[in-house]
Amino acid sequence: MDHDPFRWGRPNDATYGGYNTKIAHANPQAGNAAMPTMNTQQPIVTGTSVIAMKFKDGIVIAADNLGSYGALARFDDVERLFPVGENTVVGISGDISDLQYISRLLEDLEIDNNYDYDGHSLRAPHIHEYLQKVFYARRSKMDPLWNSTIVGGFDDEGKPFLKYVDLLGVKYSAPTLATGFGAYLASPILRKVIFEEKDVEKVDEETARNAIKECMKVLYYRDARSLDKYSMITITKEKGVVFEKNLRSENQSWRFAKDIKGYGTQKV
Amino acid sequence: MRSRRRNTNLSLIKVEYALEAIKQGSAVVGLTTKTHAVLVALKRNAEELGSYQKKIIKVDEHLGIALAGLAPDARVLSNYLREQALNQKMVFNRPLSTEKASILLADKAQKNTQSYGGRPYGVGLLIIGYDETGAHLFEFQPSGSSLEYVGAAIGARSQAGRTYLERTFEEYANATKEELIVHGLNALRDTLAQDKELTKLNTSIAVVGKDTEFTLYDDDDVQQWLDRLDSVANNRRGAAAGNDDDDDEDENNDEGDEKKDDAAASAEEEGVKDEDKMETDE
């Protein structure tokens with residue numbers, strides 16, 4: 001399919017008359033006055049789940065490197081985790097072009113903050129609040145940034161911080177979080193490790209990382225838009241941001257696959 | 001297009017006038033410890049039956065300013081600061097830092113010195129605030145400078161207040177909130193004209209700090225603090241008689257001669273100003 005809307009054409013001018021730019025706040029300055037203003041109606045190239053959890057000294061977050069074009073695994077080198085400032089990471093799923101736009105916003109934010117360095121560092125809650133305002137402002141213009149994101153780091157009291165925000169500006173926090181398909185496939189597994197906030201104290205870095213790795217493997221088994229190559233960031237006070245790239249889901253076992261019935265041409 | 005009128009020593013004349021306007025305003029004093037910051041101000045009324053001009057403006061729960069000079073200009077600046085504080089709260093869910101506040105004001109003021117047609121703000125401000133890096137005091141000038149102090153005084157006869165602060169700042173470095181306010185009032189008292197005294201009507205007090213939201217004391221609420229002073233009148237005569245010898249060594253000392261007229265006093269301040277400027281220019 002031709003995905004360039006400018007080549008889709010429009011009803012014949014001779015028959016229907018030219019496009020009336022006065023309708024629906026159409027923006028004639030946008031380069032092509034013959035076309036209406038166009039807002040995002042659907043994501044194009046997409047990234048799948050981001051999963052994250054707290055542990056007693058910090059947070060761990062992971063996202064695979066796949067950029068899907070519909071069902072096609074188009075790009076296998078998309079980085080979807082972005083460290084911001086000293087102790088914060090933003091994980092982004094959804095539209096990749098909007099992801100790139102957000103990463104530029106975050107970069108600008110960090111630069112601006114560093115200009116007036118006055119000992120007030122930009123921490124995870126501040127970045128989360130900022131992103132939420134950006135998302136909500138865009139959805140209010142009926143031109144959303146088509147993403148779900150997880151912001152991880154430390155709060156003002158220095159405790160582990162994990163909070164979600166998406167294209168509608170919806171926000172919530174929990175000791176374990178997942179976007180997209182991960183919310184169905186990974187959340188139950190992560191909740192076995194940490195069910196509620198008070199359980200965070202009992203979980204160490206090793207346990208948390210293993211739980212996230214296990215979830216990335218399960219997601220690769222069951223999410224058809226995923227990849228077994230992923231990035232993971234662990235943030236602790238002690239070691240700061242530890243960025244691991246090009247990780248592989250190890251010890252895959254596809255034996256369960258032969259028992260899955262009810263799809264395709266096979267007779268059950 | 002830029003057009004600047006300069007005098008021979010390359011300073012901007014209109015900025016000089018603006019700095020002069022600060023000296024016309026009544027005095028305000030600010031001082032800090034690590035945990036608290038205090039503003040005290042002397043309010044003026046145009047006539048006996050008139051109300052007193054507000055000198056201290058709350059900006060946010062943790063931030064406030066005191067002004068000397070043109071009050072309308074100060075209101076414009078405080079509205080701008082409130083806007084910025086609110087914006088920081090809304091967009092980032094954090095309070096506006098005191099240093100950022102003072103830089104924002106300074107940048108805004110500097111723009112007015114850059115282009116033709118405009119005029120600089122005719123007001124000086126003392127900004128106090130408490131944030132995650134502790135309590136802070138900044139002095140804002142319409143020239144676009146903004147510097148941090150542990151104690152500062154601006155406005156008419158403020159040199160006397162500054163002299164008090166210079167003499168006592170080591171004492172109040174670890175003072176409690178209450179002691180800090182008393183020190184502030186002592187400094188303010190030294191700036192009084194001969195026949196004036198601090199009253200609950202002409203004195204404003206503000207304090208902010210650890211576990212203390214920005215609190216403004218006016219009118220009846222001021223009396224409790226004035227009661228802590230040994231005297232509400234300017235006691236420079238007594239002080240001059242008592243420790244004249246020590247203070248004469250201070251070249252900026254104006255304790256000695258009370259009968260000095262206003263012109264002479266402001267001439268002396270001018271001298272001090274120039275000296276300050278040389279230091280900042282280095």
Side-chain angles (χ1 to χ4, degrees), chain A residues 84-90 102 104-141 145 149-165 169-173 237, chain B residues 32-35 37 59-63 65 80-81 83-111 125-140 144-150 208-211 213:
Chain A
V84 187
E86 284 161 28
N87 265 327
T88 306
V89 59
V90 180
I102 291 168
R104 257 172 274 145
L105 284 183
L106 293 172
E107 216 168 274
D108 291 350
L109 187 67
E110 193 178 344
I111 291 168
D112 277 355
N113 193 254
N114 286 338
Y115 276 135
D116 41 53
Y117 187 75
D118 47 6
H120 297 259
S121 53
L122 207 52
R123 285 186 297 273
H126 314 139
I127 290 162
H128 178 272
E129 192 77 10
Y130 169 77
L131 270 184
Q132 194 269 339
K133 293 298 183 286
V134 171
F135 277 124
Y136 188 72
R138 286 295 295 264
R139 84 106 232 188
S140 298
K141 288 179 188 162
L145 293 170
T149 64
I150 294 173
V151 180
F154 294 103
D155 65 12
D156 293 342
E157 277 81 50
K159 293 211 286 279
F161 173 96
L162 211 55
K163 211 164 179 179
Y164 168 97
V165 58
V170 171
K171 54 176 177 174
Y172 51 80
S173 72
K237 283 251 173 64
Chain B
T32 57
T33 62
K34 280 204 171 59
T35 54
V59 173
D60 203 347
E61 310 287 272
H62 69 292
L63 195 68
I65 61 172
Y80 171 71
L81 261 198
E83 214 173 81
Q84 293 298 317
L86 225 55
N87 187 55
Q88 193 78 193
K89 208 179 252 180
M90 193 190 83
V91 177
F92 295 107
N93 190 25
R94 66 175 177 181
L96 183 65
S97 87
T98 320
E99 184 173 346
K100 176 97 182 174
S102 80
I103 290 172
L104 283 170
L105 282 182
D107 287 353
K108 190 173 167 63
Q110 197 279 337
K111 281 188 192 119
L125 303 174
L126 293 181
I127 306 150
I128 60 165
Y130 182 77
D131 52 44
E132 58 180 89
T133 57
H136 298 281
L137 164 70
F138 287 88
E139 184 196 335
F140 158 87
S145 91
S146 182
L147 294 168
E148 182 159 16
Y149 289 89
V150 286
V208 68
K210 194 168 187 290
D211 305 321
E213 272 188 13

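Computed from a predicted model, the values in this text were never measured in an experiment. What's counted below: heavy atoms across the whole structure, side chains too, no hydrogens, waters or symmetry copies. Below, chain A is the first sequence line, B the second, and so on; all start at residue 1.
Contacts with chain B (heavy atom to heavy atom, under 4.5 Å) involve these residues of residues 124-134 of chain A, listed by number: A:Pro125, A:His126, A:Glu129, A:Tyr130, A:Lys133.
Atom OH of B:Tyr80 is surrounded by more than 12 heavy atoms from other residues, nucleotides or ligands within 6.0 Å. For A:Lys237, the NZ atom sits in a packed shell: over 12 heavy atoms of surrounding residues, nucleotides or ligands are nearer than 6.0 Å.
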